[in-house]
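Values reported hereafter were calculated over all heavy atoms of this structure, with side chains retained and with hydrogens, waters and symmetry mates removed.
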Amino acid sequence: MGTKPVLVVHGGAWAIPDEFGERSIPGIKNAVKSGFAVLEMGGSSMKAVEIAVRALEDDTMFDAGHGAVLNADGYVELDAIIMNGKTLAAGAVSCIRNISNPVTFACSVLEKTPYVMLTGMGANQFAEKLGIPQVPVEELVTDHAKAEWEQYRKYKQTGAQKKVHDTVGAVAIDCEGNVACATSTGGITNKMVGRVGDTPVIGSGGYADNLVGAVSATGHGESIMKVTLARLILFHMEQGKTPEEAADSALHYMEKRVHGRGGVIVISKTGEWTARFTTKRMAWGAIKEGVLMYGLNPGEIIQEIIKPSK
């Protein structure tokens, strides 16, 4: 029982409006508590990040699973990744349409296939074969997502529009010192059909390696992919930077080099963690040693003592 377990989650980095910000905090707290409960009972970091991300996918406040945004044709396309820092095994899915928990489907890709990523029609066929419950496409669509999509269509907004980046993710270290990451998203409103962002791309939307740590990223997907943000942060940590220094360095590089903004949650192999972002806000939460911390605005850390469930 050498390592003290830690779990960190995020609910997306973007210009979160006030009413959204306030309403997303309960979802963040719920997700971090759900995932941490797994770690407290001696469960694996892989299970913990899956459970935490599932909680966010099930919460319509976030752009993942239930509540995902609509693409140019007016339907949902979902992406997710999960990665095991012990073995570097990873599972990812992209452009899936009628599965409410893409992160659990990504787990199945990791566990039941020799591949890292499945996409589109083949992914949906594999889900059917596994008996993963498929939901009617409409079930994942919220009124808010519909209204936002109609607004976009009406004003024919182009690349300059305020883009919503509301990916969700989690990173964790368990009592055996294994790290893991998971990231899930519905992408950006009115995206081209078939567009895949950074989320399911290994080394971009997430990466986990026991020798260094784990990262889950959110923000402008194309920018994140261009700098392979998650792996870049771990590279800086390999060079001796703290999670915070590594995250800031990589985020600033991304902004300077490709004019992209985003946010990350990072955990090191020793359980140090951070949540950093260059967007206006990012909803995040963490639990370590009986303290729940969360925030939304730059520099904000609110602490709550939580009683251990044991």
Side-chain angles (χ1 to χ4, degrees), residues 7-14 24 27-28 30-32 34-35 45-71 76-84 90-110 116-119 123-124 127 132-133 135 139-142 145 164-172 180-189 191 195-202 204-208 214-219 221 224-225 229-230 262-265 282-285:
L7 180 82
V8 192
V9 304
H10 71 75
W14 53 296
S24 60
I28 289 289
N30 171 53
V32 76
S34 305
S45 52
M46 281 290 286
K47 197 68 197 166
V49 295
E50 182 200 346
I51 294 296
V53 169
R54 274 183 74 104
L56 293 164
E57 288 174 340
D58 289 342
D59 187 326
T60 56
M61 280 308 300
F62 303 99
D63 169 24
H66 293 268
V69 296
L70 309 184
N71 66 11
V76 165
E77 283 184 306
L78 307 171
D79 304 328
I81 192 169
I82 189 162
M83 187 164 182
N84 181 337
V93 292
S94 79
C95 294
I96 57 167
R97 293 185 58 171
N98 48 358
I99 288 164
S100 55
N101 292 115
V103 71
T104 295
F105 186 24
C107 266
S108 300
V109 174
L110 185 159
V116 168
M117 190 192 289
L118 289 182
T119 187
N124 282 311
I132 288 178
V135 296
E139 196 183 299
L140 301 178
V141 178
T142 58
V164 172
H165 310 299
D166 208 353
T167 302
V168 304
V171 293
C181 72
T183 315
S184 179
T185 192
I188 48 180
T189 293
K191 63 186 179 178
R195 177 263 187 189
V196 179
D198 66 290
T199 296
V201 178
I202 192 169
S204 296
Y207 202 81
V215 178
S216 172
T218 169
I224 291 170
M225 283 192 277
L229 185 62
V264 291
I265 49 174
M282 179 173 82
W284 64 270

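- Considering all non-hydrogen atoms of both residues, A31 and L7 come closest at O-CD2, 4.3 Å.
- The two residues C107 and E50 make their nearest non-hydrogen contact at SG-OE1, 3.7 Å.
- Rounded to the nearest 0.5 Å, atoms OG1 (T119) and CG (D79) are 7.5 Å apart.
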Next item on the list: Could you walk me through whether D59 and N30 pass the side chain to side chain contact (heavy atoms under 4.5 Å, CB included) test, one step at a time?
Entry: CA-CA 10 Å; D59 187 326; N30 171 53; 5.8 Å; no
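- Side-chain atoms of T218 come within 3.5 Å of backbone N or O of A13 as a donor-acceptor pair.
- Ion pairing of R54 with E57 is absent here, as no side-chain N (NZ or NE/NH1/NH2) approaches a carboxylate O to less than 4.0 Å.
- Here the side chain of K191 pairs no donor or acceptor atom with the backbone of G197 at under 3.5 angstrom.
- Residues T185 and V168 form no side-chain contact, since every pair of their non-hydrogen atoms from C-beta on lies 4.5 Å or further apart.
- Two residues are said to be in side-chain contact when any heavy atoms from C-beta on lie closer than 4.5 Å; V109 and M117 fail this criterion.
- Contact annotation: the side chain of L140 never approaches that of N98 to less than 4.5 Å [non-hydrogen atoms, C-beta and beyond].
- Scanning both residues, G219 and I224, for their nearest heavy atoms gives N-CD1, 3.7 Å.
- Taking CD1 from I265 and NE2 from H10, the interatomic distance works out to 4.5 Å, rounded to the nearest 0.5 Å.
- Inter-residue side-chain proximity for F62 and I28 is flagged as met; some heavy-atom pair is nearer than 4.5 Å.
- Inter-residue side-chain proximity for N124 and I96 is flagged as met; some heavy-atom pair is nearer than 4.5 Å.
- Checking side-chain atoms of D63 against main-chain N and O of G186 turns up a donor-acceptor pair under 3.5 Å.
- Every residue two or more places apart in sequence or in another chain was checked for a side chain to side chain donor-acceptor pair (under 3.5 Å) with N84, and none qualifies.
- In this structure, the side chains of H66 and T142 stay at 4.5 Å or more apart for every pair of heavy atoms.
- Of the possible polar contacts, none joining the S94 side chain to the P200 backbone as a donor-acceptor pair under 3.5 Å is found.
- The shortest non-hydrogen separation linking V49 to A180 is CG1-O, 3.8 Å.
- Of all heavy-atom pairs between S24 and A283, the closest is OG-CB, 3.9 Å.
- How far CD1 of I82 is from OG of S184: 10.5 Å, rounded to the nearest 0.5 Å.
- Between the side chains of S216 and T183, at least one donor N or O sits under 3.5 Å from an acceptor N or O.
- With a 4.5 Å cut-off on side-chain heavy atoms, L229 and V264 count as touching.
- Between L78 and V93, every side-chain heavy-atom pair lies at or beyond the 4.5 Å cut-off.
- For D198 against A217, the heavy-atom pair with the smallest separation is OD2-O, 4.2 Å.
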